[in-house]
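Remarks on the structure that follows.
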Amino acid sequence: IRERIPFSWLEIHPDNDDTFINWHLVRYAEAEKIGFSRSRPYKKNDNCFVEQKNSTHIRSVFGHLRYDTEKEIEIINSLYRNELGLYKNFFQPVMKLKEKTRVKGKVHRKYDIPKTPYRRLMESGQISEKEKKQLQDLYQSLNPAELKRKIDKKVHKLYKAYEEKNGRDKISPFKKQTPHIDKKSYFLNDLTTTTSVT
């Protein structure tokens with residue numbers, strides 16, 4: 001990830017899940033002299049910037065299905081590294097909150113002018129002229145409509161892989177999936193546990 005990003009890292013602040021926080025990542029941060037922080041327990045606002053794109057960048061694209069096979073992961077990673085990453089960073093403007101004030105119990109928010117991450121980076125003064133030129137050349141070579149078509153094609157391929165895995169047809173990826181529970185066996189297991197405890 002660091003090789004693909006045109007600016008330097010000051011700190012890593014991952015989600016608190018043990019999927020993201022482990023000794024390998026801690027050792028890496030220490031060796032590379034990168035700050036490493038995590039959210040405090042029961043302080044959900046510490047993680048607001050970590051969680052903020054889950055809806056727009058993940059759920060709105062992939063839905064709520066569980067992807068856990070190599071084939072599915074390969075498609076998702078391909079989207080992140082290529083078309084989806086380019087489309088979101090170069091062509092999807094985002095607003096940033098400038099200030100938030102409370103007046104008589106009502107919260108008033110002021111946002112800046114929406115800009116794409118590409119435009120914000122170009123105006124930041126945090127990258128060299130050489131890197132700016134590389135980003136400009138990349139931007140000029142991109143076609144947003146073509147990127148969107150490729151994204152849709154890969155997402156369709158992902159849904160097909162999910163259907164093949166589960167042996168089902170016509171899934172709804174944007175409907176939250178609930179796990180299937182065999183009520184009879186669940187009740188018997190619960191009864192057995194209760195009996196053995198008493």
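Nothing here was measured: the structure is a model prediction, and the numbers come from that model.
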So do the side chains of [X] and [Y] get within less than 4.5 Å of each other, counting heavy atoms only?
{"X": "I12", "Y": "S37", "value": "no"}
{"X": "Y67", "Y": "L65", "value": "yes"}
{"X": "R120", "Y": "T116", "value": "no"}
{"X": "E131", "Y": "S128", "value": "yes"}
{"X": "L25", "Y": "F36", "value": "yes"}
{"X": "L79", "Y": "I76", "value": "no"}

**OP:** Please assess N166 against E163 for the test side-chain contact (heavy atoms from CB on, under 4.5 Å), listing each intermediate value before the final yes or no.
**Re:** CA-CA 5 Å; N166 290 286; E163 287 171 356; over 6 Å; no
Subject >> E3: partners by side-chain contact (heavy atoms from CB on, under 4.5 Å), with sequence neighbours left out >> reply: none
Subject >> Listed partners of K33 passing side-chain contact (heavy atoms from CB on, under 4.5 Å), at least two apart >> reply: none
With rounding to the nearest 0.5 angstrom, report the [atom1] to [atom2] distance, [X] to [Y].
{"X": "E123", "Y": "K132", "atom1": "CD", "atom2": "NZ", "answer": "9.0 Å"}
{"X": "I58", "Y": "H64", "atom1": "CD1", "atom2": "NE2", "answer": "11.0 Å"}
{"X": "I127", "Y": "L121", "atom1": "CD1", "atom2": "CG", "answer": "4.0 Å"}
{"X": "R119", "Y": "S124", "atom1": "CZ", "atom2": "OG", "answer": "11.5 Å"}

Atom [atom1] of residue position [X] - does it have more than 12 heavy atoms of other residues, nucleotides or ligands inside 6.0 Å?
{"X": "I113", "atom1": "CD1", "result": "no"}
{"X": "E70", "atom1": "CD", "result": "no"}
{"X": "E74", "atom1": "CD", "result": "no"}
{"X": "K150", "atom1": "NZ", "result": "no"}

Report yes or no: do [X] and [Y] belong to one cluster of Ile/Leu/Val/Met/Phe/Trp/Tyr joined by side chain heavy-atom distances under 4.5 Å?
{"X": "I34", "Y": "W23", "result": "yes"}
{"X": "I73", "Y": "Y159", "result": "no"}
{"X": "I21", "Y": "Y28", "result": "yes"}

**OP:** Please step through side-chain contact (heavy atoms from CB on, under 4.5 Å) for the pair H13 and S39, ending with a clear verdict.
**Re:** CA-CA 8 Å; H13 182 89; S39 301; 3.3 Å; yes
Original post:
Between K154, R149, K153, which is the residue that forms a salt bridge (charged side-chain N to carboxylate O under 4.0 Å, His left out) with E83?
Top reply: K154
**OP:** Inspect the contact between R38 and D46 and indicate whether a charged nitrogen and a carboxylate oxygen are less than 4.0 angstrom apart.
**Re:** no
**OP:** Answer yes if the ring centres of Y80 and F62 are under 6.0 angstrom apart, and no otherwise.
**Re:** yes
Subject >> For the student: nearest non-hydrogen atoms of Y162 and E72, plus distance >> reply: CA-OE2, 3.3 Å
Subject >> Nearest non-hydrogen partners of H57 and L84, listed with the distance >> reply: O-CD2, 4.1 Å
**OP:** For the residue pair Y118 and Y139, categorise the inter-ring angle as parallel (less than 30°), tilted (30 to 60°) or perpendicular (more than 60°).
**Re:** parallel
Between side-chain atoms of residues 85-110 and protein atoms elsewhere (two or more places apart, or another chain), which donor-acceptor pairs fall under 3.5 Å?
from	atom 1	to	atom 2	distance (Å)
K88	NZ	T56	O	3.1
N89	ND2	G85	O	2.9

